[in-house]
Amino acid sequence: MAGSGTRASLGLILALGLLAGCGSTSDRLSTGALEQLDAVAIYKQGEASLESGSADDAAFYFGEIERLYPYSEWAKRGLIMQAFALHKDGAYDDSRASAQRYLDFYPTSEDAAYAQYLLALSYYDQIDDIGRDQGLTFQALQALRAVIEQYPDSSYAAESKLKFDLAFDHLAGKEMEIGRYYLKRGHYAAAARRFRVVVEQFQTTTHTAEALHRLVETYLSLGLIQEAQTAGAILGYNYRGTDWYEDSYRLLTGRGLSMEATGDNWLASIYRQLVRGEWI
């Protein structure tokens, strides 16, 4: 178990709002000078660097504790603080490595949940826009799920759930972006496949209503009338108060079509599950 010193240090850092900025290394103590200090003094150097906004210096000091005083309680404390400082400095790969090392060495520590959370953040905080490689989003989801499932009673579980939902929504947004791209260029079958993924795999996200409306558009363009009507029926059942419902209603009724589930297709199956509760 990490001592009260660790809890106090982390509490101070979090209370300061994950200190911004990183300073120059011009005032960093030399390796020789550090070797004359005990672990507590080096740890305090790391804390002072964090308070002054020099996250890179802090990471160096906390790492030196592990080198000079391996297997000590202060090395344990320094390792989790090094992971934090590296993350604050934007060195996400190094932060993740330190957090993983902490989990490997101290899996039952009370700071293990925080280490797993930092590991997840090393992916999550790089998800900056929908156009970026979605591999980071998948990795963030996996790491956030680990916090939620392995440390459900920790103070980081709730925040991880929130970030998990946002990352999940982000993936759906990527599918929608690609689907709209295909739709705009008249590649209706390819567009429909993307929108179908959102409806089937991302039903809990904010993109489902639009995905159903886009399916109405694409299926009408493909001449798949029953599919378009059924997409409209689901939209009307779950999202009647949205602009997407209004747009689909105008599209369908403008062609003399109703918003009802018809035929035997994948959307009809979803309609039966959602509206009638028929799962077989």
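Atom set for the values below is all heavy atoms of this structure, side chains included, hydrogens, waters and symmetry mates excluded. Small disclaimer: the values here were computed from a predicted structure and weren't measured.
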### Summary
For Val216 and Ala228 the tightest heavy-atom approach is CG2-O, 3.6 Å
### Task
Kindly state each residue pair satisfying salt bridge (Lys or Arg N to Asp or Glu O under 4.0 Å) with at least one member in residues 93-104, sequence neighbours excluded.
Glu66-Arg101, Asp93-Arg96
### Message
Let me confirm one number: the CE-CZ distance from Met81 to Phe62, rounded to the nearest 0.5 Å.
### Response
4.0 Å
### Message
Looking at every non-hydrogen atom in both residues, tell me the closest pair between Pro107 and Ala112 and how far apart they are.
### Response
O-CB, 3.6 Å
### Message
Other residues, nucleotides and ligands only: do more than 12 of their heavy atoms fall within 6.0 Å of CG on Asp165?
### Response
yes
### Query
Taking all atoms of both residues into account, what is the closest heavy-atom pair of Thr137 and Ala167, and its distance?
CG2-O, 3.4 Å
### Message
If hydrophobic clusters are built by linking Ile, Leu, Val, Met, Phe, Trp and Tyr wherever their side-chain heavy atoms come under 4.5 Å apart, do Phe202 and Ile178 end up in the same one?
### Response
no
### Task
Indicate whether the side chain of Ser98 and that of Gln82 have a donor and an acceptor atom separated by less than 3.5 Å.
yes
### Task
Identify, with sequence neighbours excluded, every residue that meets ring-ring contact (aromatic ring centres under 6.0 Å, His included) alongside Tyr92.
His87
Got a list of side-chain donor-acceptor pairs under 3.5 Å for residues 182-192, not counting sequence neighbours?
| unit_1 | atom_1 | unit_2 | atom_2 | d |
| --- | --- | --- | --- | --- |
| Arg185 | NH1 | Tyr181 | O | 3.2 |

### Set of residues satisfying side chain to side chain contact (heavy atoms under 4.5 Å, CB included) with respect to Leu224, sequence neighbours excluded
Tyr219, Leu222, Glu227
### Query
Does the pair Lys174 and Glu177 meet the rule for a salt bridge (charged side-chain N to carboxylate O under 4.0 Å, His left out), with working shown?
CA-CA 5 Å; Lys174 181 62 176 181; Glu177 179 190 48; 3.3 Å; yes
### Task
Test ring pair (Phe, Tyr, Trp, His ring centres under 6.0 Å) on Tyr43 and Trp74 and set out the steps.
CA-CA 8 Å; Tyr43 189 90; Trp74 288 102; 5.0 Å; yes
## Note on the structure
Note: Phe84 and Leu118 closest approach over all heavy atoms is N-CD1, 3.7 Å
#### Entry: Closest non-hydrogen atom pair, Glu246 against Arg240
OE2-O, 4.4 Å
### Query
Can Glu210 and Arg180 be counted as an ion pair, charged N to O under 4.0 angstrom?
yes
### Query
Same cluster for Ile234 and Met176 if Ile/Leu/Val/Met/Phe/Trp/Tyr side chains link at under 4.5 Å?
yes
#### Entry: Listed partners of Lys161 passing side chain to side chain contact (heavy atoms under 4.5 Å, CB included), at least two apart
Ile148
### Query
Regarding Ser258 and Glu260, is there a side-chain donor-to-acceptor distance under 3.5 Å anywhere?
yes
### Message
Ignoring hydrogens, what is the shortest heavy-atom contact between Tyr124 and Lys163? Give both atom names and the distance.
### Response
CE1-O, 3.5 Å
### Query
Should the heavy atoms of other residues, nucleotides or ligands under 6.0 Å from OH of Tyr249 be counted, would the total exceed 12?
no
### Lys76 charged N/C atom sitting above Tyr106 aromatic ring, 6.0 Å / 45°
yes
### Test: Glu64 and Arg67 ion pair at under 4.0 Å
yes
### Query
Excluding sequence neighbours, so at least two apart, what forms ring-ring contact (aromatic ring centres under 6.0 Å, His included) with Tyr151?
none
### Task
Check the pair Leu220 / Leu252 against side chain to side chain contact (heavy atoms under 4.5 Å, CB included), numbers first and verdict last.
CA-CA 9 Å; Leu220 285 176; Leu252 289 165; 4.2 Å; yes
### Message
Set out, in order, the CA-CA distance, both residues' side-chain angles and the distance that settles side chain to side chain contact (heavy atoms under 4.5 Å, CB included) for Tyr114 and Ile80, then state yes or no.
### Response
CA-CA 8 Å; Tyr114 183 62; Ile80 189 66; 3.8 Å; yes
